[in-house]
Amino acid sequence: MFRNLRIFRIAGIDVFLHPSWFLVALYEIQSRGRNYTSPAWNAAEYLSLFLMVLLHEFGHASACRQVGGVANRIVLWPLGGVAYVTPPPWPGALLWTIAAGPLVNVALVPVLWLLGHATAGAAYDVHHLFRMLWRINLGLLIFNLLPIYPLDGGQILRALLWFWIGMRRSLLVASLLGILGAGLIVALAVWLQSVWLGVIALYMAGRCWNAFKRARTLVTS
């Protein structure tokens, strides 16, 4: 229904923004009014979050190109970002392509921690911003490494399984585990009464189901 907005191009990679991002950004910035002394800092936190997401996706894209794959498009949307990558069809290439994204977040952990401590004597908003970014980055890293397809952790699991059981069966196993994991996250979302977590879980379940159907077709063909 909506056309992604191309915001810039760097190193041959086009970065797009889904129009729904603006609506969600407006809601999120307004709903965080008590965290800072000014809404401008809420906006800075939200924009910084998506800068981290963008760096994460560039990690995927750069690694894919290093192993001879194709990566020329990144799309940011309210639930995060997607790097459209096509690594060569061997498990090592997939493993490095997927692992490079979380490694960006790993590198950001000490950087944001040091910035948080360095600004301890600065204005409240500055110090609070870096403390929040450190927590957000760490939370994103831990969540993204859960072994649930299509999260990076699930795709890393799939790449590791590929070494032993092949491309088709590895996708079948990873997608099945992903469906189970997404179901657990749905239950957690209901328990926590978290709409966003529920939306993410349902999105993951849909991706897992499509991957499972594709893998089952490949295995039986």
Side-chain angles (χ1 to χ4, degrees), residues 15 17-18 20-63 74-83 98-157 181-182 184-204:
V15 178
L17 196 63
H18 193 276
S20 62
W21 183 90
F22 294 100
L23 295 176
V24 177
L26 181 62
Y27 170 79
E28 287 291 324
I29 291 170
Q30 290 180 339
S31 66
R32 301 181 185 190
R34 298 181 181 178
N35 293 344
Y36 296 96
T37 60
S38 167
W41 289 99
N42 298 333
E45 180 187 301
Y46 196 74
L47 292 174
S48 298
L49 162 62
F50 274 87
L51 176 59
M52 291 189 293
V53 171
L54 184 59
L55 292 174
H56 175 104
E57 300 305 331
F58 266 105
H60 287 310
S62 299
I74 293 173
V75 177
L76 300 177
W77 63 307
L79 295 182
V82 178
I98 301 304
L103 285 175
V104 172
N105 297 99
V106 171
L108 287 174
V109 169
V111 173
L112 293 173
W113 185 85
L114 288 172
L115 287 173
H117 279 266
T119 56
Y124 164 80
D125 288 320
V126 176
H127 178 55
H128 185 66
L129 174 64
F130 286 114
R131 286 182 59 197
M132 288 300 299
L133 292 179
W134 180 83
R135 293 175 183 176
I136 292 170
N137 179 65
L138 186 61
L140 289 174
L141 173 62
I142 294 171
F143 180 79
N144 206 29
L145 286 179
L146 293 176
I148 302 173
Y149 194 90
L151 296 177
D152 287 344
Q155 296 196 61
I156 288 172
L157 175 63
L184 292 175
I185 295 179
V186 168
L188 179 63
V190 172
W191 183 60
L192 296 174
Q193 298 183 347
S194 172
V195 175
W196 277 115
L197 187 58
V199 170
I200 292 172
L202 291 175
Y203 167 75
M204 291 166 53

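On a predicted model such as this, the values are computed, not experimentally measured, just so you know. Starting from 1, each residue takes its place in the sequence as its number.
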### Query
What's the spacing between Phe22 CZ and Leu17 CG if we round to 0.5 Å?
4.5 Å
### Task
Could you tell me whether the side chain of Val126 reaches within less than 4.5 Å of the side chain of Trp41, counting heavy atoms only?
yes
### Message
Which heavy atom of Ala182 sits nearest to which heavy atom of Ile148, and what is that distance?
### Response
N-CG2, 4.0 Å
### Task
Carefully, step by step, assess Val104 and Glu57 under the rule side-chain contact (heavy atoms from CB on, under 4.5 Å).
CA-CA 9 Å; Val104 172; Glu57 300 305 331; over 6 Å; no
### Task
Apply side-chain contact (heavy atoms from CB on, under 4.5 Å) to Ile74 and Leu54, showing your working.
CA-CA 8 Å; Ile74 293 173; Leu54 184 59; 4.1 Å; yes
### Distance (rounded to the nearest 0.5 Å) between Met132 CE and Tyr36 OH
5.5 Å
Enumerate donor-acceptor pairs with a distance under 3.5 Å from any side-chain N or O in residues 186-193 to protein atoms, sequence neighbours excluded.
none

### Task
Look up atom CH2 in Trp21 and atom NE2 in His18, then write down how far apart they are to the nearest 0.5 Å.
13.5 Å
### Task
Of all the heavy-atom pairs spanning Asn137 and Met52, show the shortest one and how long it is.
CB-SD, 3.6 Å
### Query
Any side-chain heavy-atom pair from Trp134 and Leu108 closer than 4.5 angstrom?
no
### Summary
Residues His60 and Pro102: closest non-hydrogen pair is CE1-CD, 4.1 Å
### Task
First locate atom CZ of Arg135, then atom CG of Leu140, and finally report the distance between them rounded to the nearest 0.5 Å.
14.0 Å
### Message
For Asn144, is there any backbone N or O sitting under 3.5 Å from a side-chain donor or acceptor partner on Asp152?
### Response
no
### Test item: Leu138 and Ile142 side chains (from C-beta on) under 4.5 Å apart, heavy atoms
yes
### Query
Closest approach of Pro110 and Val106, non-hydrogen atoms and distance?
CD-O, 3.2 Å
### Query
Can you tell me how far the OG1 atom of Thr37 sits from the CG atom of Asn42, to the nearest 0.5 Å?
9.0 Å
### Message
Closer than 3.5 angstrom, by distance alone: can the side chain of Gln155 be matched with the main-chain N or O of Pro150 as a donor-acceptor pair?
### Response
yes
### Query
Can you say whether the rings of Tyr46 and Phe50 are parallel (under 30°), tilted (30 to 60°) or perpendicular (over 60°)?
tilted
### Query
Does Ser194 use its side chain to pair, donor to acceptor, with the backbone of Leu197 at less than 3.5 Å?
yes
### Task
Give a yes or no on whether the backbone of Gly116 and the side-chain of His127 come within a donor-acceptor separation of less than 3.5 Å.
yes
Could you give the side-chain donor-acceptor pairs of residues 75-83 under 3.5 Å, partners two or more places apart or in another chain?
none

### Query
Taking all atoms of both residues into account, what is the closest heavy-atom pair of Leu133 and Ser48, and its distance?
CD2-CB, 3.6 Å
### Query
Considering only heavy atoms from C-beta outward, does the side chain of Phe143 approach that of Leu146 to under 4.5 Å?
yes
### Message
Quick check for you: to the nearest 0.5 Å, what is the distance between Leu112 atom CG and Phe130 atom CZ?
### Response
7.5 Å
